[in-house]
Amino acid sequence: MENTKKKRNGFASSIGFILAAAGSAVGLGNLWSFPYKTSIYGGAAFVLVYILSVIVIGSIVMIGEIYLGKRAMANPVSSYAKANKNLGWLGLFAIIIPFFIICYYSVLGGYTVKYAMNSFAGNAGIIESFTGNVGEVILYTAIFMLLALIVVMAGVKGGIEKASKVLMPALFIILVAMVIYCLCLGTGVKDGLDFYILKISFKALGFKGVLGAMGQAFYSLSLGMGIMVSYGSYTGKEIKVGKSAILICVFDTLVALLAGFAIFPAVYHYKATFGSEVATSGLMLLFSSLPLVFDSLGVMGQIVSFFFFGMVVIAALTSVISLLEVVTQFVIQKFKIHRKKAILYVALICFAISIPVSISLGLLLNGKDSMLICGQDWLDFFDLVTNTVLMPVCAFGSCLAIGWFIDKKFTFNPFKTYESLSEDGFNIGKFGKFFAVMIKYVTPILIAVVEIFGIIDLISPNGTFDKNGLGIVLTAYGLLGVAIAVYFIFLKGKNNGCNADEIDIAVAQTTVKEEFSEE
Ligand code: PFF
């Protein structure tokens, strides 16, 4: 038994785990959505609310989800079921969400590979000609997925941990260099900084901006989708949950903030130099405005652009790796098949679904709306279903599972700390009381607010009923219903994972050996 437990320690070191989890958290959410949301919600005020959201909601759910996986040592279905056997469906749900995210995130990942390669060839400003060319988009999506597949195939320690230990420091170094370069551009830099952090205006933020900041915190920290549960399950006793979670949150937030320090001075510099030809806000900030800026900076811009998009590739790659790992871990443990086979199946199915995603985007860019679902291209449709509607549900469930079901003593006294669990590496000391109140009451209430107003905004965006929005909400809750039904009909009470404490040791050992064959 002891032996089996030891072998389950996927991550070899604390720093390896932290870097891998940070790799999952740092992604397009930091380099693309954070700056663009900051730009549309008025800058500094959004940044302020975002940081508060990370502290008040993000860090709490992060601690909880890592702990949930760590104590169960198994995939999310088993992890939630171990908190309470009636909650296993939440785990299944936390596997369905990443599955759909992979299908569109990889298309964006493909974009980043293409941008990095084009920057190298001195032609970064390619957006329309590339995204409208479906064949090429599919090709680059395949290249991107292949890179992620190779890493996941090599296992947790030999693939994910090793890759993260190289890629994350590289990303950080490039980012810091990028910030220094952009801050030194001269003209316009001060305007960029004014907008980004110096002039706080709550006018443009509004209630929508506050909700946007909270949702962004979840997205950016990879919460509410099983990832941290899954990574947590590969941690051993020596890894401290509280400390690691805080470090992951700090790192993720730092990267998002630094991205803004590079992007805003750069686009405002361009604006000040050439007039207002470049959009300083909006969705295309990263993929359209920034390449224009780099193009205008001559050979130096070409080099900077290559490194910049190289960094975006790294960020997107380490995120997709984590999304793939959640689904793969479940497939390995549930169906007892080898990691290599499992990741191949998962990647192939996701790639197949990513093809219509690319086609629908390409059609839309060529002015055809023949492949829309609920009025959205497939990418936006998947994004709205998973991130706007489903992720808060799952995160809310995580709070309930951890706050109310995990530990009986804890349930009876909300102000009791988690000291009793300290032997599992869950020693958060004085912070325990604060954590208890937050995870039981404050955080779930805030998450429920994000969910409810997110839905209202979909169904009635400007006060008028939108049937497409309703379609998105119904699809999402339909998926939730399917997850609940599948769990109670097929999975409840079955052995769905590799929990060394609960299942047949022989089975555990075979599965473990396959998972950690690099040992
Ligand atoms: N947290 C990562 C990001 O900010 O991009 C990873 C991620 C989050 C991937 C949410 C996908 C997703 F829907």
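We count ligands from 1, going down the list as the structure has it; atoms in each ligand are counted the same way.
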Inset, instruction - For atom CZ of F351, decide whether the heavy atoms of other residues, nucleotides or ligands shown that lie under 6.0 angstrom number more than 12. - result: yes
Legend entry - Proximal atoms of ligand 1 relative to A25 (non-hydrogen, under 4.0 Å): 1 (N), 2 (C), 3 (C), 4 (O)
Inset, instruction - Taking only heavy atoms of M225 into account, list the atoms of ligand 1 that are under 4.0 Å away from them. - result: 8 (C), 10 (C), 12 (C)
Inset, instruction - Report the nearest protein non-hydrogen atom to atom 11 (C) of ligand 1: residue, atom name, distance rounded to 0.1 Å. - result: I101 CG2, 3.2 Å
Inset, instruction - Go through the steps to decide whether Q329 and S233 satisfy the test side-chain hydrogen bond (donor to acceptor under 3.5 Å, both in side chains), and finish with yes or no. - result: CA-CA 10 Å; Q329 180 192 33; S233 78; 2.9 Å; yes
Inset, instruction - Among E325, K334, Q333, find the one that has a side-chain hydrogen bond (donor to acceptor under 3.5 Å, both in side chains) with N75. - result: Q333
Inset, instruction - Please could you name the atoms of ligand 1 that S319 approaches to less than 4.0 Å, counting only its heavy atoms? - result: 2 (C), 6 (C)
Inset, instruction - Check whether the side chains of S13 and E161 place a donor and an acceptor atom closer than 3.5 Å, and report yes or no. - result: yes
Inset, instruction - Consider every N or O of L28 and every N or O of ligand 1, then say whether any pair is closer than 3.5 Å. - result: yes
Inset, instruction - Go through the side-chain N and O atoms of S354 and T141 and say whether any donor and acceptor fall under 3.5 Å apart. - result: no
Inset, instruction - Please work out whether the ring planes of F308 and F294 are parallel, tilted or perpendicular, with thresholds of 30° and 60°. - result: tilted
Legend entry - Side chains of S398 and Y80, donor plus acceptor under 3.5 Å: yes
Inset, instruction - Take the angle between the ring planes of Y111 and F287 and call it parallel below 30°, perpendicular above 60°, tilted in between. - result: perpendicular
Inset, instruction - Compute the shortest N/O to N/O distance between S24 and ligand 1 and return yes if it is under 3.5 Å, no if not. - result: yes
Legend entry - Distance-only N or O hit between ligand 1 and V26, under 3.5 Å: no
Inset, instruction - Examine the proximity of ligand 1 to F100 and report which part, side chain or backbone, both or neither, has a heavy atom under 4.0 Å away. - result: neither
Inset, instruction - For this output row, return yes or no: ring centroids of Y104 and F381 closer than 6.0 angstrom. - result: no
Legend entry - Under 4.0 Å to a heavy atom of N387 - the qualifying atoms of ligand 1, by number: 13 (F)
Legend entry - Nitrogen or oxygen of S220 less than 3.5 angstrom from that of ligand 1: yes
Inset, instruction - With atom 5 (O) of ligand 1 as the reference point, say which of F34, Y105, W32, Y219 has the nearest heavy atom. - result: Y105
Inset, instruction - Would you mind running through ligand 1 and noting each atom that sits below 4.0 Å from a heavy atom of Y104? - result: 13 (F)
Legend entry - Backbone or side-chain N or O of G29 under 3.5 Å from ligand 1 N or O: yes
